[in-house]
2 protein chains.
Amino acid sequence: MKVNTKTRYGIRTIMELAFNKSEKDIFQKDISLNQEISYKYLDQIITGLKSAGLVANVSGKKSGYRLTREPERITAYDIHSAFNSRLSVVDCLLPQSTCSREGKCAVRNLWQGLNMVITDYLKSITINDLVRDQFELDTKQEELIFHI
Amino acid sequence: MKVNTKTRYGIRTIMELAFNKSEKDIFQKDISLNQEISYKYLDQIITGLKSAGLVANVSGKKSGYRLTREPERITAYDIHSAFNSRLSVVDCLLPQSTCSREGKCAVRNLWQGLNMVITDYLKSITINDLVRDQFELDTKQEELIFHI
DNA sequence: ATTTATCCTATTCTTTTTGTAGGATACAAA
DNA sequence: TTTGTATCCTACAAAAAGAATAGGATAAAT
């Protein structure tokens with residue numbers, strides 16, 4: 001029951017872009033540095049986010065990434081979906097599965113329900129929520145430093 | 001985000017025992033046959049359930065297993081706990097973790113919240129719920145067969 | 001003593017996860 | 001038109017986790 005690193009790094013990448021209020025788009029290099037994610041691994045993270053239509057860029061020398069829509073309209077579920085074909089805590093609930101117990105197994109309901117609460121929760125949290133939380137945390141940190 | 005087989009088989013094992021209304025306890029051999037779980041692998045499942053105090057038996061030749069309490073008072077979370085030291089979708093929330101971002105990372109809240117909804121859901125489902133569902137499914141199956 | 005059933009631990013096999021490597025492509029600026 | 005910088009693409013490898021097997025030890029009823 002672990003969330004994989006691609007999803008976790010993906011969220012931090014999106015947050016990094018959401019934080020950017022300047023005109024200029026953000027280089028992969030800078031995301032890598034700020035978020036402490038290996039530059040090369042970030043390649044794959046960004047590919048996923050692009051395929052999911054969450055980030056965009058122009059190609060060539062003067063590139064850099066930006067969000068394709070407001071942080072309010074990107075949920076944790078969107079990012080999870082970018083890296084996980086379907087959210088399911090068990091394989092027997094996936095469409096391609098051929099479980100011999102299908103139709104006569106009550107435990108399926110349990111996992112179906114668990115899929116539901118996880119999905120609902122992830123859909124309920126937006127990047128904006130996270131950025132707001134992060135801003136508050138940063139402010140507290142600054143106050144702490146100020147008082148020293 | 002997968003539930004491991006030990007937890008899944010553990011639930012089915014507990015259900016098998018909950019179904020038993022007879023005086024006699026149930027042999028591992030029979031659980032293995034009925035639930036289609038390898039006899040040897042079931043060793044480990046049962047060990048976990050015993051350590052968690054969910055099942056009990058007498059030792060020796062005339063053994064077999066039984067539940068230690070009513071199915072109403074065993075939750076899916078109890079069984080999950082028997083096979084997973086702590087429920088956490090990320091390692092950085094575990095007590096032994098030393099994450100460099102601790103205290104300044106807003107994403108932690110997201111995972112903390114996800115841990116919560118998963119835990120609450122698993123605690124809300126009892127073995128009795130599952131057994132009831134299973135009984136209904138079985139009845140429907142019988143009706144189906146009857147009508148053929 | 002024998003049989004049957006649980007108990008215990010080590011090992012192996014498989015899959016998934018995580019990350020690295022190396023070059024190809026695009027385009028702006030010199 | 002060459003050079004430099006940044007993204008793009010795919011293969012591969014290392015590491016970790018998950019799933020299952022194997023082989024014998026122990027306990028007690030017959």
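So you know, we letter chains A, B, ... as the sequences are listed, proteins then strands, and number each from 1.
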inquiry  = Take a 6.0 Å sphere around CD of Glu23(B) and say whether it holds more than 12 heavy atoms from other residues, nucleotides or ligands.
reply    =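 No.
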query = Taking atom NZ of Lys2(B) as the centre, does the number of heavy atoms from other residues, nucleotides or ligands within less than 6.0 Å exceed 12?
reply = yes
message = Ignoring hydrogens and geometry beyond distance, is a side-chain donor-acceptor pair present between Asp43(B) and Gln28(B) at under 3.5 Å?
response =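 Yes - a donor-acceptor pair under 3.5 Å links their side chains.
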ask   = How about Asp138(A) and Gln134(A): does a side-chain donor come under 3.5 Å of a side-chain acceptor?
value =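 Yes - a donor-acceptor pair under 3.5 Å links their side chains.
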message = With the threshold set at under 4.0 Å for non-hydrogen atoms, list the residues of residues 1-29 of chain A touching DNA chain C in residue-number order.
response = Asn4(A), Thr5(A), Tyr9(A)
How close or far is atom [atom2] of [N] from atom [atom1] of [X], stated in whole angstroms?
X: Asn84(B); N: dA19(D); atom1: CG; atom2: C1'; value: 14 Å
X: Ile45(B); N: dA19(D); atom1: CD1; atom2: P; value: 9 Å
X: Tyr41(A); N: dC9(D); atom1: OH; atom2: P; value: 18 Å

query = Taking for each residue the nucleotide of DNA chain D bearing the nearest heavy atom, is the 5' side occupied by Val58(A) or by Gln44(A)?
reply = Val58(A)
request  = Assign each of Asp91(B) and Leu42(B) to its nearest nucleotide of DNA chain D by heavy atoms, then name whichever residue's nucleotide is nearer the 5' end.
outcome  = Asp91(B)
ask   = Donor-acceptor pair under 3.5 Å: do we get one between Lys40(B)'s side chain and the base of dG23(D)?
value =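 Between dG23(D) and Lys40(B), which were checked side chain against base, a qualifying N/O pair under 3.5 Å is present.
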task = Identify the heavy atoms of Ser32(A) and Ile37(A) that sit nearest to each other, and give their distance.
result = OG-O, 2.7 Å
task = Would you mind classifying the nucleic acid contact of Asp43(A) as base, sugar-phosphate or nothing, using non-hydrogen atoms under 4.0 angstrom?
result = base
query = side chain to side chain contact (heavy atoms under 4.5 Å, CB included) with Val55(A): which of Ile74(A), Ile14(A), Ile45(A)?
reply =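 By the side chain to side chain contact (heavy atoms under 4.5 Å, CB included) criterion, Val55(A) pairs with just one of Ile74(A), Ile14(A), Ile45(A): Ile14(A).
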message = Check this one for me: any side-chain N or O of Ser38(B) less than 4.0 Å away from OP1 or OP2 of dA20(D)?
response = no
Does the pair [X]/[Y] count as a salt bridge with the N-to-O cut at 4.0 Å?
X: Asp120(A); Y: Lys123(A); value: no
X: Glu70(A); Y: Arg73(A); value: yes
X: Asp25(A); Y: Lys62(A); value: no
X: Asp78(A); Y: Arg69(A); value: yes

ask   = When the nearest nucleotide of DNA chain C is assigned to Tyr39(A) and to Lys61(A) on a heavy-atom basis, which residue is associated with the more 5' position?
value = Tyr39(A)
ask   = Is there a donor-acceptor contact under 3.5 Å from the side chain of Thr68(B) to the main chain of Gly53(B)?
value =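 Indeed, once roles are kept as given, a pair shorter than 3.5 Å links the two residues.
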task = At the 4.0 Å heavy-atom cut-off to chain B, mark where contacts on DNA chain C begin and end, going 5' to 3'.
result = dT3(C) to dA10(C)
task = Dot-bracket notation for DNA chain D is requested: 5' to 3', Watson-Crick or G-U wobble pairs only, both distances under 3.5 Å, with ( ), [ ], | and . as defined.
result = ||||||||||||||||||||||||||||||
